[in-house]
2 protein chains.
Amino acid sequence: MTTLGYAILGLLSREDLSGYDLKQRMAGRVGYFWSARHSQIYPELARLEDGGYVTHSVVEQRERPDKKVYEITARGLDDLKEWVTRPPVPRPTRDELTLKAYSVWLADREEATRLFREEELRHEEQLAHYEGLRTWMEGEWREDLTSTNSPEFASYATLRRGISYEREYAGWCRWMADSIEGRGPTRVGKE
Amino acid sequence: MTTLGYAILGLLSREDLSGYDLKQRMAGRVGYFWSARHSQIYPELARLEDGGYVTHSVVEQRERPDKKVYEITARGLDDLKEWVTRPPVPRPTRDELTLKAYSVWLADREEATRLFREEELRHEEQLAHYEGLRTWMEGEWREDLTSTNSPEFASYATLRRGISYEREYAGWCRWMADSIEGRGPTRVGKE
DNA sequence: GTATCATATGTCAGGATTGACATAAAGGAT
DNA sequence: ATCCTTTATGTCAATCCTGACATATGATAC
């Protein structure tokens, strides 16, 4: 079973979805840290059905084309549960911007500053978006977030990761831009 | 030109290296955020030489097999410089542990706690290792780090990213483990 | 009427990456 | 003598993933 397979099962464990629905959720991010195109999703659904992890039923619609709605099986749910706590095999982190930083000493000062300022902005914007979601979740899901065995807690947990990830990334970009610009890093709090 | 190609050029811009040397440096990490196996490096070197980005000369050794030492060309260096400040096409972040967190509500409490504690430890250890390197760099390279157009600054910059990345990741894992364990997150400073 | 858009499902060629397989030279250990 | 390790260079099959191609329905816009 591939990681993508588990990503799909993770979504189907919460609600029944069509391939198109899955695509919508995975185009952005599943819990913000996995993504896939529909060209990968449809074949994977077929494999999952082959393996008995999901089943589908055709739903006829009046105002749209028919769709196949997928449902997770008992077997699929068992496999998903087992996978969740299995230690992931560490995979190398690949980050092109950080790789660029390794050769930044060769670059034009101004262009390099612009690059890291732009990236800082990108991550600040993503962070602001996530913070909005967080406020909404903390208001709407106050009760659900007290128990860690609710899907709401799990969604909130991945969002927390998104927030700390974007904050960290934006902070490093700011430090880079400040350093290259020559102003010396701006201190915001300690470190 | 592939990103791997630029990773190799980034190393060759600092010193001439053989395929084997490159493998050693990329097995760990190039500046900690790119990696490759030798099965990818050797063909890529051939492509780079084909494109005129590098040249090689055979160096005979007495106590070891002969080796091909690669050198970056003027063309290669120009291309590398241009690439450094070109905005990277945003690629989706894929993180299996965070994906697991999205389905953690299905998991056994104890097993999930153990998982995130283990991962916390892994990242703490990596962080400690990086902090050691940082102390060494700040002592050894005090002067070089004042100018951002030195390779030492670039190495230091990627290390900074490694440090903040690991600290962020470890912190999130701790929050996860604490939350699932039921002790409620341990506050360390604010946030 | 026709063009475009959102819904809906698929295939396929090609590139990136991994893990296994393969060879060879020299040193050190048993 | 034989085995193991390090250095050194390569190939190849399989997998993951992207981007392009392909088709169909019904709604809305012009």
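What's counted below: heavy atoms across the whole structure, side chains too, no hydrogens, waters or symmetry copies.
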Of the nucleotides D:dT7, C:dT7, C:dG10, which one has an atom closest to the side chain of A:Pro65?
C:dT7

Counting only side-chain nitrogens and oxygens, does B:Lys23 get under 4.0 Å of the OP1 or OP2 atom of D:dT7?
no

Consider the side chain of B:Glu63, meaning its heavy atoms from C-beta on, and name the nucleotide among C:dA26, C:dT9, D:dG10 that approaches it most closely.
C:dA26

If you define the side chain from C-beta out and look only at heavy atoms, does anything of A:Tyr53 sit under 4.5 Å from A:Tyr70?
no

Which nucleotide, D:dC16, C:dT18, D:dA20, lies nearest any side-chain atom of A:Gln40?
D:dC16

Report yes if the distance between the aromatic ring centroids of B:Trp83 and B:Tyr6 is under 6.0 Å, otherwise no.
yes

Criterion salt bridge (Lys or Arg N to Asp or Glu O under 4.0 Å) against B:Glu181, the qualifying member of B:Arg114, B:Arg109, B:Arg117, B:Arg174
B:Arg117

Give A:Thr3 one of three labels, base, sugar-phosphate or nothing, depending on what nucleic acid heavy atoms sit under 4.0 Å from its own.
nothing

Verdict with reasoning, A:Glu168 to B:Arg167, per salt bridge (charged side-chain N to carboxylate O under 4.0 Å, His left out)
CA-CA 9 Å; A:Glu168 178 272 313; B:Arg167 183 174 293 144; over 6 Å; no

Atom CG of B:Leu4 and atom C1' of C:dT18: how far apart are they, to the nearest Å?
13 Å

Closest of D:dA8, C:dA16, C:dT9 to the A:Tyr42 side chain is C:dT9

Rounded distance (Å) that lies between atom C1' of C:dA24 and atom OH of B:Tyr20
13 Å

base_contact_polar (C:dG19 base, B:Ser39 side chain, donor-acceptor, <3.5 Å):
yes

Separation of D:dT18 atom P from B:Arg91 atom CZ, nearest Å, is 9 Å

Shortest side-chain distance from A:Lys68, nucleotide among C:dA16, D:dT11, C:dG10:
C:dG10

Using a cut-off of less than 4.0 Å, is there contact between a side-chain N or O of A:Arg94 and OP1 or OP2 of C:dA16?
no

Nearest to the side chain of B:His38 - C:dT17, D:dT11, D:dT7?
D:dT11

Think A:Gln61 has a side-chain N or O under 4.0 angstrom from the OP1 or OP2 of C:dA8?
yes

In this structure, how many angstroms lie between the C1' atom of C:dA6 and the CD atom of A:Gln24, rounded?
9 Å

Proximity of A:Phe33 and B:Tyr102 rings by center, below 6.0 Å:
no

